[in-house]
Amino acid sequence: GIEGKYQKENGKELLIFNADKTFYCLRN
Amino acid sequence: PMCDTIASGIWNQRAGFIELHNKPDFNKINYSIVESLRGTKDSVYFRIILPKDDALDYKNFVFNLIPYSKYDQVLKINKPEFAIPNVRIPRINFGLSLQNIEPNVDFGKGNFQRTNFMIFENYQAKDNNANFFTITLNNFNQCFYEAMDMEGQIIGIEGKKLVWRGNRYEKIN
């Protein structure tokens, strides 16, 4: 599935997709 | 920046892409209003208090007071404490919005954060004698007002990578 953490190629951002359908975009 | 969360919301997977939405409370500003008496009765006084546990600077905001009266002209005020003649607002019925005048936008680039916020409309004073209104915004912190608007955003799925706004994201766990 899509759930999990993804890091932007330049490493400055994280996308987090949780199983409860919430997502977060964080400064890394 | 004090806030490490750029955006948050709800996701749904579709065929080949992910669709994003804001949370239902994305635009919900929690506020309280305390009514009291102050100074002379020919003026109505306002004080707006923003959260202090934050990098927030009052100079970055313009407050828009919307009097519901025959004058009915929005007053744009660049400080959080101000007074207006009560003839402009005889029934003490008002709305309040604010504008962030310093978003993080480079020359020639777009802006994904909101700049205008409606706090409330059509507030009617509970006490007919009150002429001083202290309005406290409880959740209007940096994470709130700098949050990206994610409504309708699409993230492409390309094998094990995601593609969003021209950038690729690799799964790390």
**Q** With a 4.5 Å limit on heavy-atom distance, are the side chains of B:L162 and A:F17 in contact?
**A** yes
**Q** Establish whether B:F133 and B:F61 are linked, either directly or via other cluster members, by ILVMFWY side-chain heavy-atom contacts under 4.5 Å.
**A**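 Cluster IDs for B:F133 and B:F61 match.
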**Q** Considering only heavy atoms from C-beta outward, does the side chain of B:I155 approach that of A:I2 to under 4.5 Å?
**A** no
**Q** Would you compute the distance between atom SG of A:C25 and atom CZ of B:F112 and round it to the nearest 0.5 angstrom?
**A** 11.5 Å
**Q** Is B:L50 reachable from B:F46 through a run of hydrophobic residues whose side-chain heavy atoms are each under 4.5 Å from the next?
**A**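 Linked within one cluster.
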**Q** Given heavy-atom pairs under 4.5 angstrom as the criterion, report whether the side chain, backbone, both or neither of A:I16 touches chain B.
**A**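 Neither part, no heavy atoms under 4.5 Å.
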**Q** Please look at B:M150 and chain A and tell me whether the side chain, the backbone, both or neither of the residue comes under 4.5 angstrom of a heavy atom of that chain.
**A** side chain
**Q** Against chain A, work out which of B:N12, B:I157, B:L20 has the most heavy-atom pairs shorter than 4.5 Å and name it.
**A** B:L20
**Q** Yes or no on side-chain contact (heavy atoms from CB on, under 4.5 Å) for A:L26 and B:I6, after CA distance, side-chain angles and deciding distance?
**A** CA-CA 5 Å; A:L26 305 179; B:I6 300 167; over 6 Å; no
**Q** Is any side-chain heavy atom of A:Y24 closer than 4.5 Å to a side-chain heavy atom of B:T5?
**A**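 They are in contact (side-chain heavy atoms under 4.5 Å apart), so the answer is yes.
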**Q** Mind checking whether B:L96 and B:F132 sit in one hydrophobic cluster, side chains of I, L, V, M, F, W, Y counted as touching below 4.5 Å?
**A** no
**Q** Shared ILVMFWY cluster between B:V44 and B:I49, side chains joined below 4.5 angstrom?
**A** yes
**Q** Among residues at least two apart in sequence or on other chains, which ones pass ring-ring contact (aromatic ring centres under 6.0 Å, His included) with A:F23?
**A**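 For A:F23, no residue satisfies ring-ring contact (aromatic ring centres under 6.0 Å, His included) once neighbours in sequence are set aside.
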**Q** Counting only heavy atoms not in B:K126, do more than 12 sit closer than 6.0 Å to its NZ atom?
**A** yes
**Q** How far apart are the C-alpha atoms of B:N167 and A:N10, what are their side-chain angles, what is the distance that settles it, and do they pass the side-chain contact (heavy atoms from CB on, under 4.5 Å) test?
**A** CA-CA 9 Å; B:N167 298 301; A:N10 68 11; 5.8 Å; no
**Q** For residues 116-124 of chain B, give me every residue with a non-hydrogen atom less than 4.5 Å from any non-hydrogen atom of chain A.
**A**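 So no residue qualifies.
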**Q** Of all the heavy-atom pairs spanning A:E3 and B:K171, show the shortest one and how long it is.
**A** O-NZ, 2.9 Å
**Q** Under a 4.5 Å cut-off applied to non-hydrogen side-chain atoms, are A:Y6 and B:R168 in contact?
**A** no
**Q** Report which part of A:N18 has an atom under 4.5 Å of a heavy atom belonging to chain B: side chain, backbone, both, or neither.
**A**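 Backbone only.
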**Q** More than 12 heavy atoms of other residues, nucleotides or ligands under 6.0 Å from NZ of B:K41: yes or no?
**A**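 Yes.
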**Q** Measure the OG1-CH2 distance between A:T22 and B:W11 for me, rounded to the nearest 0.5 Å.
**A**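 So the gap between those two atoms works out to 9.5 Å.
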**Q** For the interface with chain B, which of A:E9, A:E13, A:Q7 has the highest count of heavy-atom pairs at distances below 4.5 Å?
**A** A:Q7
**Q** Establish whether B:I92 and B:I84 are linked, either directly or via other cluster members, by ILVMFWY side-chain heavy-atom contacts under 4.5 Å.
**A** yes
**Q** Are there over 12 heavy-atom neighbours, none belonging to B:K23, within less than 6.0 Å of that residue's NZ?
**A** yes
**Q** Atom NZ in A:K21, atom CD in B:Q13: separation rounded to 0.5 Å?
**A** 6.5 Å
**Q** So, are B:E170 and A:K8 salt-bridged, with charged N and O less than 4.0 Å apart?
**A** no
**Q** Considering only heavy atoms, which portion of B:K161 lies under 4.5 Å from any heavy atom of chain A: side chain, backbone, both, or neither?
**A** side chain
